[in-house]
Amino acid sequence: MHPYRTKNCGELRRSNVRERARLSGWVHRARDHGGLLFIDLRDHYGLTQCVVEPDSPAFALASEARSEWVLTLTGPVVARSTDTVNPDLPTGEVELRIEEVAIQSRAEELPLPVFGDLDYPEETRLRYRFLDLRRERLHHNIVLRSQVVQSIRRRMTGAGFMEFQTPILTASSPEGARDFLVPSRLHPGKFYALPQAPQQFKQLIMVAGFDRYFQIAPCFRDEDGRADRSPGEFYQLDVEMSFVTQDDVFAAMEPVLHGVFEEFAGNRPVSRPPFPRIPYAESMLLYGSDKPDLRNPVMIADATQVFNREDVTFKAFKGKETVRAIPAPGAAAQPRSWFDRMNEWARGEGAAGLGYIVFEEENGRTVGKGPIAKFLSDDALSRLAVLTASKPGDAVFFAADKIGRAAVLAGQARLKIGSELSLTRKDCFEFCWIVDFPMYEWNEDEKRIDFSHNPFSMPNFDRDKFLALDLQDRDTILGIKAFQYDIVCNGVELSSGAIRNHRPDVMLKAFEIAGYSRDETEQRFSGMLNAFRYGAPPHGGTAPGIDRIVMLLADVPNIREVTMFPMNQQAQDLMMGAPSEVNPRQLRELHLRIVQPEKKS
RNA sequence: GGGGGCGUAGCUCAGUUGGUUAGAGUGACGGCCUGUCACGCCGUAGGUCGCGGGUUCGAGCCCCGUCGCUCCCGCCA
């Protein structure tokens, strides 16, 4: 007989009765009745109840066992009597009658119980991650992650993509996030950087003629964490394709994303390809966000003109750059205090407040109520009702400010209304592409033109006219769109992507517009620019976040729930004790000297 | 870098207006119990109330500082 097991803890069934079996696993729970001892033995595959009576020679040793000890139990599989079957357990029709006990490992008193599904503080969970990972929910999430990655690989390979590995030790890139640096031993004073993404490598893979690339790629960024963003490192499905248009990239990704989500969504419906394509400007207007949650039916409208009419005398909104109207269907049923709380919330977000109008029916016609309704003529009110598709029983909130701030506040109010009024659908996955991002934006602080998103994107603009652009023509430049797109699911940005700028002349001009001299651009991106001078195919790609895909499928709000060994918000690994000090010899070899920051007085 | 919340037994938490010896559940340890599957019953041990200072006759509770965790803003091409 195998020294550890002939079956795992999840596979014994009625058909195995009368077989002799050996199981190994952790003591999930022990119930000692004095004259009868039950041990629930658990492994990766499941749970099996094992039982022993006092007249058995195994009883003494078995009754020593405590939670999370590792045991090997041997004995005959027996059927449970009908009144003792456990229907909640796949193995619940049988039990193992213990005849032999081997204690493989003992466990000290647990800092984190494996049994039960209570929530425990992050610090404990991270410090004892190996215990937390034994628990059912987290164990299941990690298994799901593995299956999702496997499914992605299968689908990508099936679609003709090849997976290639790109370097982990590479050069610091001057743009983007803060790099993680690795000091060079052989080259004093020089550093490698961990890749923020394999961006330049995957483009070089296209220049090298490999046509369709993907990688489940680790990415490193030394930026602060958030609940949905681990500090330091994360994984993305990095994709690049040659000789493609934007639509070709969408057509390649949609079946993969739809397929993976469908495979693991259970009964939750998933958007069918083709996913909606929403221009950036339209998304900012209708949803107040560049990552709209389409499960929320509320659509924002622009009401600036209504409030500037002569028959509208609400002074607080007069002369505001923008007034956005956020419908709140059915909100008339809410008490006054609900509207007050919405206002308070808006003030907490740094806004002056949210005006609102409630539509009611009076003598067969629709009238407006609420603090600001009296400043609007009947005609203006009905115009608002049309704009916001409101009917009696509905309300409308208003966000008035500069265009950017009003849009964002309206977007936040939309999310709040959606969740507070239970309008946002649950248990479904709504995808969309956001397209036509602006290539550039105006940096008001530094009074200059910045790249709006990815500087390597191809401008969606006539090439000759682009090359001839006058840098003084700010309005034209700020109006240029890029072949740049995001894929969004349920209000979560899964990735951005782009058709890349593969032409050195256009790239130099694009950077010149953003304030980089030709020499500077040549120097900073010499690797890629050089490659583009030897025959670069038109190419483009995208890179959906693996962690976020699994978060959505596992329906958890925190990225640590789908990561095997995550760091905490301070970018520390509490279990391994990283980061840690290193010994002086290591520092000498690396030509480093530590300068501690001065303590605050 | 900034803002909010939290910090009490191994673990999860309660602790009223500042007032006697800081409690419960769970886990640990010991005892009883032959059908449980959150087994049940009895008992025992277990505390630097994050840390430092202050106010007070008296501080887990109030004040100041500090540390840690977490959520958010900044940041994340």
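Naming convention: chains lettered A, B, ... in sequence-line order (proteins, then strands); numbering from 1 in each chain.
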Rounded distance in Å between the C1' positions of B:U21 and B:C32: 31 Å
Separation of B:C76 P from A:Arg178 CZ (nearest whole Å): 9 Å
Side-chain donor-acceptor pair present, A:Asn8, A:Asp43, cut-off under 3.5 Å: no
Separation of the C1' atoms in B:G74 and B:U17, to the nearest angstrom: 41 Å
Sugar-phosphate only, base, or nothing, as touched by A:Arg560 at under 4.0 Å among non-hydrogen atoms: sugar-phosphate
Nearest-Å distance once atom C1' is located in both B:G25 and B:U20: 25 Å
Strand partner of B:G40, provided both Watson-Crick or wobble distances fall under 3.5 Å: B:C32
Sugar-phosphate, base or nothing in reach of A:Gln569, heavy atoms under 4.0 Å: base
Side-chain N or O of A:Arg31 closer than 4.0 Å to phosphate OP1/OP2 of B:U36: no
Shortest side-chain distance from A:Leu36, nucleotide among B:U34, B:G10, B:G68: B:U34
Sugar-phosphate, base or nothing in reach of A:Glu108, heavy atoms under 4.0 Å: nothing
Whole-angstrom distance between B:C75 and B:G68, as gauged at atom C1': 23 Å
Separation of B:A45 C1' from A:Glu109 CD (nearest whole Å): 11 Å
Sugar-phosphate, base or nothing in reach of A:Arg226, heavy atoms under 4.0 Å: base
Pair of N/O donor and acceptor under 3.5 Å linking B:G35 base with A:Asp83 side chain: no
Any strand: nucleotide that pairs with B:G1 via Watson-Crick or wobble, under 3.5 Å: B:C73
Side chains of A:Thr521 and A:Glu512, donor plus acceptor under 3.5 Å: no
A:Arg125 vs B:C11: side-chain N/O to OP1/OP2 distance below 4.0 Å: no
Watson-Crick/G-U partner (both atom distances under 3.5 Å) of B:G7: B:C67
OP1 or OP2 of B:C69 under 4.0 Å from side-chain N/O of A:Gln570: yes
Side-chain H-bond candidate by donor/acceptor type, A:Glu19 with A:Asn16, under 3.5 Å: yes
Donor-acceptor pair present, A:Arg229 side chain and B:C75 base, under 3.5 Å: yes
Passing candidate, side-chain hydrogen bond (donor to acceptor under 3.5 Å, both in side chains) with A:Glu122, options A:Arg127, A:Gln569, A:Arg560: A:Arg560
Pairing of A:Arg125 and A:Asp132 as salt bridge, 4.0 angstrom limit: yes
Donor-acceptor pair present, A:Asn568 side chain and B:C69 base, under 3.5 Å: no
Lys/Arg N to Asp/Glu carboxylate O, A:Arg97 vs A:Glu53, below 4.0 Å: yes
Whole angstrom value for the distance that separates P of B:U36 from CG of A:Asp32: 15 Å
Strand partner of B:U55, provided both Watson-Crick or wobble distances fall under 3.5 Å: none
Between P of B:G27 and CZ of A:Arg29, the distance in whole Å: 5 Å
Sugar-phosphate, base or nothing in reach of A:Pro54, heavy atoms under 4.0 Å: nothing
Inter-nucleotide C1' distance (B:G7, B:U66), Å rounded: 14 Å
B:A28 versus B:G46 - spacing of their C1' atoms, nearest Å: 9 Å
Ring centroid separation A:Phe115 to A:His28 under 6.0 Å: yes
Sugar-phosphate only, base, or nothing, as touched by A:Arg135 at under 4.0 Å among non-hydrogen atoms: nothing
Between B:C71 (P) and A:Asp228 (CG): distance, integer Å: 10 Å
A:Tyr120 side chain, from C-beta outward: closest of B:C75, B:G35, B:C11: B:C11
Nearest to side-chain heavy atoms of A:Pro121, which nucleotide of B:U36, B:C11, B:U34: B:C11
Separation of atom CD in A:Glu68 from atom P in B:C11, rounded to whole Å: 17 Å
base_contact_polar (B:G68 base, A:Gln572 side chain, donor-acceptor, <3.5 Å): no
A:Leu112 CG - B:C11 P separation (whole Å): 10 Å
P spacing across the pair B:G65 / B:G5, given as an integer number of angstrom: 15 Å
Residue whose closest nucleotide on RNA chain B lies nearer the 5' end, A:Glu64 versus A:Glu95: A:Glu64
Donor/acceptor link under 3.5 angstrom from A:Gln49 side chain onto base of B:U36: yes
Separation of atom CG in A:Leu89 from atom P in B:U36, rounded to whole Å: 15 Å
5'-most by nearest nucleotide on RNA chain B - A:Ala227 or A:Arg221: A:Ala227
Pairwise P distance for B:G43 and B:G50, with rounding to whole Å: 30 Å
Any A:Arg80 side-chain N or O less than 4.0 Å from OP1/OP2 of B:G35: no
Aromatic ring of A:His33 stacked on base six-ring of B:C39, 5.5 Å, 30°: yes
Presence of salt bridge, A:Arg42 and A:Glu68, under 4.0 angstrom: yes
Pair A:Asp486, A:Tyr280: side-chain N/O donor-acceptor within cut-off below 3.5 Å: no
Sugar-phosphate, base or nothing in reach of A:Asp117, heavy atoms under 4.0 Å: nothing
Side-chain N,O (A:Asn558) to OP1/OP2 (B:C71) below 4.0 Å: yes
